Protein chains: 2
Amino acid sequence: MKRKPSTEATSAWIRLMRVQSRVLDCVEQDLKKAGFPPLAWYDALLELSRAPSGELRPVELERQMLIPQYSTSRLIDRLVDEGLACRRECKIDKRGQFVEITEAGRELQKRMWGAYSAAIEKYVGSKLSDADAVKLSGLLDRLGCACGEMKLPPVVNVNETSPSR
Amino acid sequence: MKRKPSTEATSAWIRLMRVQSRVLDCVEQDLKKAGFPPLAWYDALLELSRAPSGELRPVELERQMLIPQYSTSRLIDRLVDEGLACRRECKIDKRGQFVEITEAGRELQKRMWGAYSAAIEKYVGSKLSDADAVKLSGLLDRLGCACGEMKLPPVVNVNETSPSR
DNA sequence: CCCCACTCGATGCACCTGCATCAATCTTGA
DNA sequence: TCAAGATTGATGCAGGTGCATCGAGTGGGG
């Protein structure tokens with residue numbers, strides 16, 4: 001016979017969906033009002049800036065960000081159009097390329113982190129104690145493992161200029 | 001001086017974003033593979049089916065679903081195109097209209113709930129104990145209250161054919 | 001060496017979203 | 001009663017996403 005999902009699981013699911021979309025909206029709104037591009041740009045710039053010598057293969061970026069290949073491709077287009085990154089040929093594999101963050105890119109990433117971290121503090125930090133935030137992380141991690149590898153840094157290891165959804 | 005967001009809050013934020021997008025992807029994939037339309041359709045059909053006499057003003061639907069006005073408008077277009085709902089004139093306010101769910105709509109909603117609930121069970125229920133699901137709900141609720149009213153049913157009250165993100 | 005299978009990245013298409021704005025209608029208050 | 005403003009719902013436009021597919025390039029087995 002078909003198992004009925006527990007009321008608790010369903011309720012948790014509903015909240016997970018609603019709350020994250022609300023919080024995300026709030027954060028994106030704050031960034032937008034401050035005149036910044038979408039969060040996805042920030043994520044990409046952060047990954048690039050963290051890479052040794054500031055460049056990555058699109059394939060790497062894609063795996064880091066957990067977004068589909070075509071999405072990466074077009075995101076890079078936009079970054080390049082805005083002068084935040086540039087494409088460089090890849091000598092060892094002529095199919096491929098490298099994407100390198102520019103100075104403007106690094107600078108924007110840092111400025112965005114200012115607004116971004118403030119928003120996180122406003123919408124998350126101020127609502128949860130550190131202990132609760134840790135609990136939340138733990139519960140979410142268990143959920144995340146559900147479908148595929150999680151590729152998340154351990155709860156503690158979040159360096160100074162940090163996120164990347 | 002500017003306050004730096006706590007590492008814990010940032011970490012929780014990252015997990016919230018990543019985990020929900022992964023879990024949501026998984027669930028949507030399952031539904032899509034079973035040949036069903038997107039979850040948003042389900043949500044709308046559920047709201048309509050729950051309404052007394054199966055009809056709602058677009059404005060109501062919009063407020064229930066917490067999506068923008070134009071989004072509701074176009075979602076209704078699609079439902080009507082597929083014969084899942086129909087528009088009815090609103091005699092008391094000629095600007096407005098009623099949207100009524102059709103039999104096909106009710107039937108689809110029920111069939112989707114089968115697949116949907118199975119997916120929730122698979123990706124949430126089987127990963128968390130009921131107690132943990134309750135804890136998660138509680139933590140998320142506190143976050144949700146952060147930005148605007150939450151409009152969520154109390155943790156317990158989730159009736160038989162239930163969700164709606 | 002060559003062919004086949006695979007990986008890398010781009011792109012055309014459909015659809016969906018956000019934003020701004022519109023026309024129609026309702027409500028308010030002077 | 002009537003004008004000003006608010007509310008309802010639709011829509012043109014720009015941009016973003018998913019899907020399928022493509023062409024270029026690589027690499028391994030015969």
Side-chain angles (χ1 to χ4, degrees), chain A residues 17 21-22 24-33 35-44 48 55-82 84-100 165, chain B residues 17 20-22 24-33 35-44 48 55-82 85-100 165:
Chain A
M17 294 303 121
S21 82
R22 293 179 77 72
L24 177 58
D25 278 359
C26 291
V27 171
E28 291 244 22
Q29 277 306 319
D30 278 15
L31 286 210
K32 179 172 293 189
K33 271 187 289 194
F36 290 118
L39 266 182
W41 292 34
Y42 174 82
D43 288 341
L48 288 174
E55 58 185 12
L56 282 177
R57 296 284 298 265
V59 151
E60 319 268 13
L61 190 55
E62 172 192 333
R63 284 197 266 260
Q64 294 282 339
M65 297 183 60
L66 302 173
I67 58 179
Q69 178 271 318
Y70 51 79
S71 191
T72 317
S73 177
R74 291 196 258 237
L75 178 52
I76 293 171
D77 284 348
R78 287 169 227 138
L79 296 180
V80 170
D81 284 351
E82 299 296 326
L84 301 167
C86 58
R87 295 179 201 270
R88 310 178 68 74
E89 82 171 308
C90 173
K91 303 199 194 294
I92 54 178
D93 183 342
K94 292 223 184 102
R95 288 168 306 183
Q97 62 191 242
F98 280 102
V99 179
E100 186 183 5
R165 290 182 271 180
Chain B
M17 293 304 120
Q20 95 76 236
S21 82
R22 293 179 77 72
L24 178 58
D25 278 1
C26 292
V27 171
E28 290 245 20
Q29 278 306 319
D30 279 15
L31 286 209
K32 180 172 293 188
K33 271 186 289 194
F36 289 118
L39 265 182
W41 292 35
Y42 174 82
D43 287 342
L48 289 175
E55 60 186 11
L56 282 178
R57 297 283 297 267
V59 152
E60 320 268 14
L61 190 55
E62 170 193 334
R63 284 197 265 260
Q64 294 282 338
M65 297 183 62
L66 301 173
I67 59 179
Q69 180 271 317
Y70 50 80
S71 191
T72 316
S73 177
R74 291 197 258 236
L75 178 53
I76 293 170
D77 284 349
R78 286 168 228 139
L79 296 181
V80 170
D81 283 352
E82 299 297 325
C86 58
R87 296 179 200 269
R88 310 178 68 75
E89 82 171 308
C90 172
K91 303 198 195 296
I92 54 176
D93 184 342
K94 292 222 185 104
R95 288 168 308 184
Q97 63 190 243
F98 281 103
V99 178
E100 187 183 4
R165 290 181 273 178

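Throughout, a chain's letter reflects where its sequence line sits, starting with A, and its residues are numbered from 1. Keep in mind that this is a model prediction, so the values were computed, not measured.
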Note, A:Arg57 side chain near A:Leu61 side chain (heavy atom, < 4.5 Å):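 No. Closest side-chain heavy atoms not under 4.5 Å.
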
Start and end of the DNA chain D segment that chain B contacts, any atom under 4.0 Å from a heavy atom: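 Range of nucleotides within reach of chain B: D:dT7 to D:dC19.
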
Can you check the [X] [atom1] to [N] [atom2] distance for me, whole Å?
X       : N      : atom1 : atom2 : result
B:Leu66 : C:dG18 : CG    : C1'   : 17 Å
A:Gln29 : C:dT17 : CD    : C1'   : 13 Å
A:Asp93 : C:dT7  : CG    : P     : 13 Å
B:Arg57 : C:dA24 : CZ    : P     : 18 Å
A:Arg63 : C:dT7  : CZ    : P     : 10 Å
B:Leu75 : C:dG18 : CG    : C1'   : 16 Å
A:Leu56 : C:dG9  : CG    : C1'   : 15 Å
B:Lys91 : C:dT25 : NZ    : C1'   : 17 Å

Closest-nucleotide ordering on DNA chain C, the 5'-leading residue of A:Thr72 and A:Lys32: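 Whichever sits nearer the 5' end wins; that is A:Thr72.
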
Toward the 5' end of DNA chain C, by each residue's nearest nucleotide, A:Ser73 or B:Ser71: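 With B:Ser71 and A:Ser73 compared, the 5'-side residue is A:Ser73.
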
Results of side-chain contact (heavy atoms from CB on, under 4.5 Å) for B:Gln29 - residues two or more places apart only: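 Partners of B:Gln29 by the side-chain contact (heavy atoms from CB on, under 4.5 Å) criterion come out as none, since no residue qualifies.
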
[X]: what forms a side-chain hydrogen bond (donor to acceptor under 3.5 Å, both in side chains) with it, not counting sequence neighbours?
X        : result
A:Asp25  : none
A:Gln97  : A:Arg87
B:Glu100 : B:Arg88

Pick out the pairs of N or O atoms, protein on one side and nucleotides 20-23 of chain C on the other, that lie under 3.5 Å.
none

Touch class at under 4.0 angstrom, heavy-atom based, for B:Asp77 against every strand present: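 The residue B:Asp77 makes no contact with any strand.
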
List the atom pairs, donor and acceptor, that lie under 3.5 Å between side-chain atoms in residues 67-76 of chain A and the rest of the protein, sequence neighbours left out.
from: A:Thr72; atom 1: OG1; to: A:Pro68; atom 2: O; distance (Å): 3.1

side-chain N/O A:Arg95 vs C:dC6 OP1/OP2, d < 4.0 Å: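 Negative; the distance criterion is not met.
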
Salt bridge (Lys or Arg N to Asp or Glu O under 4.0 Å) partners for B:Lys33, two or more places apart: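 B:Lys33 satisfies salt bridge (Lys or Arg N to Asp or Glu O under 4.0 Å) with no other residue.
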
Partners passing salt bridge (Lys or Arg N to Asp or Glu O under 4.0 Å) against B:Arg78 (at least two apart in sequence or in another chain):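 Result, salt bridge (Lys or Arg N to Asp or Glu O under 4.0 Å) vs B:Arg78: none returned.
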
Side chain of A:Pro58 - closest among C:dT17, C:dG9, C:dT25: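 Per side-chain heavy atoms of A:Pro58, the pick is C:dG9.
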
Side chain to side chain contact (heavy atoms under 4.5 Å, CB included) assessment of A:Met17 paired with B:Leu24: CA-CA 8 Å; A:Met17 294 303 121; B:Leu24 178 58; 3.9 Å; yes

